[in-house]
Amino acid sequence: MSITIYHNPRCHKSRQTLALLEKRGLETRVIEYLKTPPDMTELKTLLRLLGLPARGLLRTNEPEYKTAGLGNPALSDEAIMKAMIKHPKLIERPIVINGSKAMLGRPPENVLRIL
């Protein structure tokens, strides 16, 4: 079983989720997405696996949310995804992928549903 986590080591929930996976002895590929942001194709895949529109994966409390005008409801998913790629801290975390399934680790126990 190959598990991937889009991880921010400074985020408490992300650290808890990674610890949960490690505690179960699961081999986990860690992607620090702030250092290695997803490209458009990868982000579209994540959204499809999560079953979310782009806005559903958007962190609205980040300063970049306001400065980029992302609160505008008329913005397309494409525009929101471009902002996420430019400012990856706008991407909600952690995201865990197991094969063709993905889950946000908020709360961390959510990821148990896809293991």
Exercise for the section: Report the C-alpha distance between Ile91 and Asn8 in whole Å, list the side-chain angles of each, state the deciding distance to 0.1 Å, and finish with yes or no for side chain to side chain contact (heavy atoms under 4.5 Å, CB included). Expected result: CA-CA 10 Å; Ile91 301 171; Asn8 177 353; over 6 Å; no

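- Atoms NZ and CG, on Lys66 and Asn61 in that order, are 8.0 Å from each other to the nearest 0.5 Å.
- Within the structure, the salt bridge (charged side-chain N to carboxylate O under 4.0 Å, His left out) test picks out the following pairs touching residues 102-115 (sequence neighbours left out): Glu92-Arg106.
- The salt bridge (Lys or Arg N to Asp or Glu O under 4.0 Å) test applied to Lys13 returns no partner, not counting sequence neighbours.
- Each of Glu64, Glu62, Lys82 was checked for a side chain to side chain contact (heavy atoms under 4.5 Å, CB included) with His87, and the lone residue meeting it is Glu64.
- The CD atom of Glu42 sits 11.0 Å away from atom CG of Leu47, with the distance rounded to the nearest 0.5 Å.
- Hydrophobic clustering places Tyr33 together with Met84 (ILVMFWY residues linked when any side-chain heavy atoms are closer than 4.5 Å, directly or through intermediates).
- Scanning all heavy atoms of the two residues, the minimum distance from Asn110 to Leu104 falls at CB-O, 3.3 Å.
- The nearest pair of heavy atoms linking Leu115 to Asn98 is CA-ND2, 3.6 Å.
- With hydrophobic clusters built from ILVMFWY side chains whose heavy atoms lie under 4.5 angstrom apart, Leu43 does not share a cluster with Val96.
- Proximity of Leu90 to Ile80: side-chain heavy atoms (C-beta onward) are nowhere separated by under 4.5 Å.
- Thr4 is linked by a side chain to side chain contact (heavy atoms under 4.5 Å, CB included) to Tyr6, Arg29, Ile31, Ile97, counting only residues two or more places apart in sequence or in another chain.
- Contact record, Ala54 with Met81: CB-CG, 3.8 Å, taken as the closest heavy-atom pair.
- Taking CD1 from Ile3 and CG from Leu26, the interatomic distance works out to 5.5 Å, rounded to the nearest 0.5 Å.
- Between the side chain of Arg55 and the backbone N or O of Leu70, at least one donor-acceptor pair lies under 3.5 Å.
- Paired with Ser14 under the rule side-chain hydrogen bond (donor to acceptor under 3.5 Å, both in side chains), one option of His7, Arg93, Glu32 passes, and it is His7.
- Between the CG atom in Leu18 and the CD1 atom in Ile5 there is a gap of 5.0 Å [rounded to 0.5 Å].
- Checking side-chain atoms of Asp77 against main-chain N and O of Pro53 turns up no donor-acceptor pair under 3.5 Å.
- Looking at heavy atoms from C-beta onward, Pro94 lies out of side-chain contact with Val111 at the 4.5 angstrom threshold.
- Residue Leu20 holds its CG atom at 10.0 Å from CD of Glu22, rounded to the nearest 0.5 Å.
- Put simply, Leu49 and Met103 are part of two different groups of oily side chains (I, L, V, M, F, W, Y) that touch within less than 4.5 Å, one to the next.
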Exercise for the section: Would you sort out whether Glu78 and Lys44 count as a side chain to side chain contact (heavy atoms under 4.5 Å, CB included), showing the intermediate values? Expected result: CA-CA 9 Å; Glu78 190 87 7; Lys44 285 180 179 179; 3.9 Å; yes

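- Hydrophobic clustering places Leu50 together with Ile85 (ILVMFWY residues linked when any side-chain heavy atoms are closer than 4.5 Å, directly or through intermediates).
- Considering every non-hydrogen atom in both Leu52 and Gly56, the closest pair reads CD1-O, 3.8 Å.
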